[in-house]
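A quick note: this is a predicted structure, and the numbers were derived from the prediction, not measured.
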Amino acid sequence: MTETDRIFLNKVFERALERGDYDDDVATIAQFLDREGNPEGPTLTQAMRAAGTYSGRVAGVNP
């Protein structure tokens, strides 16, 4: 994972916490950040997809 990926995921996760949101997408991001490199956790692709879905939903693009 690049530093840019890490910054993006952390910012999305922090925004979710600030808003009090916690759904499957936010959980996927949290699990990835907590278990990075663990084969039983989500992959970077899954975490980035979840972050994009959550960000779109917050912006009103993906209701």
Side-chain angles (χ1 to χ4, degrees):
M1 172 171 50
T2 68
E3 189 62 24
T4 302
D5 295 337
R6 183 180 311 284
I7 291 169
F8 173 69
L9 290 172
N10 278 307
K11 284 188 178 196
V12 171
F13 184 67
E14 288 171 13
R15 183 171 185 191
L17 292 179
E18 288 170 4
R19 292 174 45 93
D21 294 339
Y22 199 81
D23 59 14
D24 289 344
D25 293 321
V26 177
T28 299
I29 298 165
Q31 289 172 359
F32 176 79
L33 292 172
D34 187 47
R35 301 177 185 171
E36 183 182 343
N38 183 337
E40 295 178 15
T43 64
L44 175 60
T45 301
Q46 291 169 319
M48 294 298 272
R49 183 177 300 126
T53 300
Y54 174 78
S55 296
R57 191 170 48 253
V58 169
V61 178
N62 295 333

_Value rounded to 0.5 Å, distance of CZ in R49 from OG1 in T53_ = 8.0 Å
*Give, for atom OH of Y22 and atom CZ of F13, the distance between the pair rounded to the nearest 0.5 Å.*
6.0 Å
*Checking salt bridge (Lys or Arg N to Asp or Glu O under 4.0 Å) against R57, which of D23, D24, D21 comes through?*
D23
Side-chain donor-acceptor distances from residues 30-40 under 3.5 Å, at least two apart:
unit_1, atom_1, unit_2, atom_2, d
E36, OE1, R6, NH1, 3.0
N38, OD1, E40, N, 2.8

*Measure the shortest side-chain to side-chain distance between V12 and V58 over non-hydrogen atoms and say whether it is less than 4.5 angstrom.*
no
*So, for A51 and L9, which heavy atoms are closest and what is the spacing to 0.1 Å?*
CB-CD2, 3.8 Å
*About how many Å separate NZ of K11 and CD1 of I29, when rounded to the nearest 0.5 Å?*
14.5 Å
_Gap between atom CD1 of I7 and atom OG1 of T4 - 0.5 Å precision_ = 5.5 Å
